[in-house]
Asks: 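Take this structure, written in structure tokens, and hold onto it; I'll ask about it next.
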Amino acid sequence: MLEIKDLHAKIDDKEILRGINLTVKPGEVHAIMGPNGSGKSTLSSVLAGSEVFDVSEGSASFYGKDLLDMPAEDRAREGLFYSFQYPVEIPGVSMVNFMRTAVNEHRKYNELKPYTASEFLKLMREKKKLVEIDSNLTNRSVNEGFSGGEKKKNEIFQMAMLQPKVAILDETDSGLDIDALRIVANGVNKLKSENNATIVITHYQRLLDHIVPDFVHVLYKGRIVMSAGKELAHELEEKGYDWIKKQFED
Amino acid sequence: MSITGTDIKIEQKYISLFAEQEEILNKSVSGHIAAQRAEAIQQFEAKGIPTKKVENYKYTNMVPLFEEEYGYDFEHEVFKQDLSEVFNCNVHELEATTIYLINGWYYRKNEITTSLPEGVLIGSLAEHSKSHPEIFEKHYNQYAKNDEDSLVALNTAYAQDGFFIYIPKGVVIEKPIQIVNIMHSQKDLMAFPRNLVVIEENAQAKILFCEHTLADQKYLLSGVTEAFVDKNAVFDIYNIQNQHNLTTNVSSFFVKQKQHSSILTHNLTLHTGVTRNNIYVDMDDEHCESHVYGLFISDKNQHVDNFSFIDHAKPNCYSEELFKGVLDDAATATFAGKIMVRPDAQKTNAFQRNDNLLLTDTAKMNTKPMLEIYADDVKCSHGATVGQLDEKAMFYLRSRGISKEESRILLMYAFAYEAVEKIRVEAVREQIRELVENVFRGELNKCNSCVLCNQDGTEGNSCM
Ligand SMILES: Nc1ncnc2c1ncn2[C@@H]1O[C@H](COP(=O)(O)OP(=O)(O)OP(=O)(O)O)[C@@H](O)[C@H]1O
Ligand SMILES: [Mg+2]
């Protein structure tokens, strides 16, 4: 469903992604780990359609369509979801208005009728329960004044609302307390099916106890330098990255 | 020596016209109003039409705008016309008392259907100047600063009619009073509407003043509104300016406040050619509170100039100013906010802010706080920002499947939101929320639509 080939991306002539190859199939869970600054968030935002980076080489296809050729909004409507490492605060745009617009734009794209107000509110209620998000939060402006953990929960709530085919969760676990981590992980697991896939970016094994990956990749200096099963996460937790860094010093 | 066209100073044109028309100007008004003219025209002559050399007009040269040729309507020809032939408003979503002005003249067929409490006067300035001379002697031309702004003086010289509102002691008018001024003529036109509002002790009123153009002629409007707000009174005025590109609108508002009174002014410039708003607030007593707000949304070559002067003359007063602007294309705008804290005015609280959103590289904003503080125990702050749409927020919205255009609209609205929320009359706030959203969507029918009616353009009354 998602096939990334030799993807290079740069900003101000600084190459950050230096040839990424990754294939994700329906039903799979991939974990991406790697030291700070290695390019994990860059990869996510390039896939999501950020215009900050220039893709200089390579390709990414999503269900056979050229992902890199689509504007960000179409990528989302095709079923790609990016849970931001740093969700953006947007004062003045209410959560309800934001979500209603997003959901209905998805529906329009898929040639479905927009939800009526009551249908929409019903959907909101359901999904709020799923991630146990406080009702007060959805009555506020998007992420405005949300705590770190609340922002992350809000990302998963949006994911639940939009029901993507591929979700990229960028350090969704950071800032979550123990209960919230479980709730969010449960939420993600409940949304999982054989038709969708999840890419989990994390620094900690902890999350992977809840969301169990089929593959663990290590991203280092803009390349995936190692891929293995879930046991790799344990190994990294124990040993850190030094042994990998040594191998790929260049 | 021959006099060629270019030798005649532009001011002379207005002075000669005044001399020639004075008798006609005086026909409809009381002697008191007429008596103010002579000095005013002299003040106008002495100062001349403001150029950029005048400090308070630093970014707007008024001369070319006054140099244009305009006709006039001093005998009010539209008087005889039936408003319903050109304009009708049958969807009243907002419960309000609505009156119309045409070219600044009180429309004689106005029907005030709602029964008003005893003693309340709503109607024509000209007529009431004759029937209630005592009020006019006390308040008319007492607050307008003819000596500071030559265009205000020019208005005083030419003033004939406008709206007059008088709310006696203790009377609270809950419903907003909506005043719709429509510019409508067969020829290019200048007009000098003059309005007076008197809110007595413990009284309350809120005005929604909508300015529209209904024909695609060129207009020069130079209006003055004076308001006297007595002890414990509450007064709001929301001025919605929605006029076509060939309109020059100079709108001056002067308010005098007494103890424990609270006022709110809000200039919502949604569409216009050139707009100059003057807001003068004179807090002439202790414990006054004033809220001075503005929201301007401009594109193409529109120009908006907001000038405010908050005068803290006495101790313990509070003022809060917020002006927000969204500029697209090659629109230009100016904000100049003068706050005067006089030596007496200890314990003053004065806050001012001007935030602007520039959507293009060609849009331009000048912002200038002017604080003069002569007391030492005061809290004053001011700030101004000029920014672009937040790219991170744009990406966030788009990454959720919201189109670029819709994301822009959401963010522009989000920016304007703070100013809209300052409206303290809920029904008006809701109307304006929708109106502002329509402006951002480009769905506002720029010439004809009235806040309440959402009326479409009719043939022959098209938009520019
Ligand atoms: N907008 C930008 N301008 C300049 N450099 C950038 C920009 N965004 C990212 N970078 C750089 O690209 C590199 C990769 O950053 P990225 O955020 O992708 O790392 P990461 O793997 O997500 O790290 P972390 O684990 O800390 O979240 C870093 O060196 C970072 O400084
Ligand atoms: Mg990151």
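In what follows, chains are A, B, ... by sequence order, proteins preceding strands, each numbered from 1.
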Asks: May I ask you to check whether A:Phe84 and B:Phe395 place their ring centres under 6.0 Å from each other?
Replies: yes

Asks: So which heavy atom on B:Ile402 is nearest to which on A:Ala102, and how close?
Replies: CG1-CA, 3.7 Å

Asks: Can you tell me if A:Asn139 has over 12 outside heavy atoms packed within less than 6.0 Å of its CG?
Replies: yes

Asks: Testing the basics here: between A:Ala76 and B:Ser399, what is the closest heavy-atom pair and its distance to 0.1 Å?
Replies: CB-O, 3.3 Å

Asks: Could you tell me which non-hydrogen atom of B:Tyr396 sits nearest to which non-hydrogen atom of A:Gln158, and how far apart they are?
Replies: OH-NE2, 3.0 Å

Asks: For the pair B:Arg400 (side chain) and A:Tyr82 (backbone), establish whether a donor and an acceptor sit closer than 3.5 Å, ignoring hydrogens and angles.
Replies: yes

Asks: Please report the closest heavy-atom contact between A:Glu105 and B:Ser403, naming both atoms and the distance.
Replies: OE1-N, 3.1 Å

Asks: Less than 4.0 angstrom from a charged side-chain N to a carboxylate O is my criterion; do A:Glu51 and B:Arg398 meet it?
Replies: yes

Asks: With rounding to the nearest 0.5 Å, note down the distance linking CG in B:Leu410 to CZ in A:Phe98.
Replies: 9.0 Å

Asks: Output the distance between atom CG (A:Asn97) and atom CD (B:Glu437), rounded to the nearest 0.5 Å.
Replies: 7.0 Å

Asks: Within a reach of under 6.0 Å around NZ of A:Lys192, are more than 12 heavy atoms found that belong to other residues, nucleotides or ligands?
Replies: yes

Asks: Counting heavy-atom pairs under 4.5 Å with chain B, which one of A:Ala48, A:Pro91, A:Ser50, A:Ser141 comes out on top?
Replies: A:Ser50

Asks: Looking at chain A, which one of B:Glu418, B:Glu406, B:Glu391, B:Glu421 has the largest number of heavy-atom pairs inside 4.5 Å, strictly under?
Replies: B:Glu406

Asks: Examine whether an atom of A:Asn143 lies under 4.5 Å from a heavy atom of chain B, and if so say whether it belongs to the side chain, the backbone or both; otherwise answer neither.
Replies: side chain

Asks: Tell me the closest heavy-atom pair linking A:Glu73 and B:Lys404, and the distance in Å.
Replies: OE2-N, 3.3 Å

Asks: With a 4.5 angstrom heavy-atom cut-off, is it the side chain or the backbone of A:Pro87 that approaches chain B, or both, or neither?
Replies: both

Asks: Which region of A:Phe81, side chain (C-beta onward) or backbone (N, CA, C, O), has a non-hydrogen atom less than 4.5 Å from a non-hydrogen atom of chain B, or is it both or neither?
Replies: side chain

Asks: A:Gly92 and B:Ala414: which non-hydrogen atoms are nearest, and at how many Å?
Replies: C-CB, 3.7 Å

Asks: Counting only heavy atoms not in B:Lys392 (residues, nucleotides, ligands), do more than 12 fall under 6.0 Å from its NZ?
Replies: no

Asks: Is it true that, when you exclude B:Tyr417 itself, more than 12 heavy atoms of the residues, nucleotides or ligands shown sit nearer than 6.0 Å to its OH?
Replies: no

Asks: Looking at A:Lys190, I want to see if its NZ is surrounded by more than 12 non-hydrogen atoms of other residues, nucleotides or ligands under 6.0 Å.
Replies: yes

Asks: Can you say whether A:Val142 sits under 4.5 Å from chain B via the side chain, the backbone, both, or neither, judging by heavy atoms?
Replies: side chain

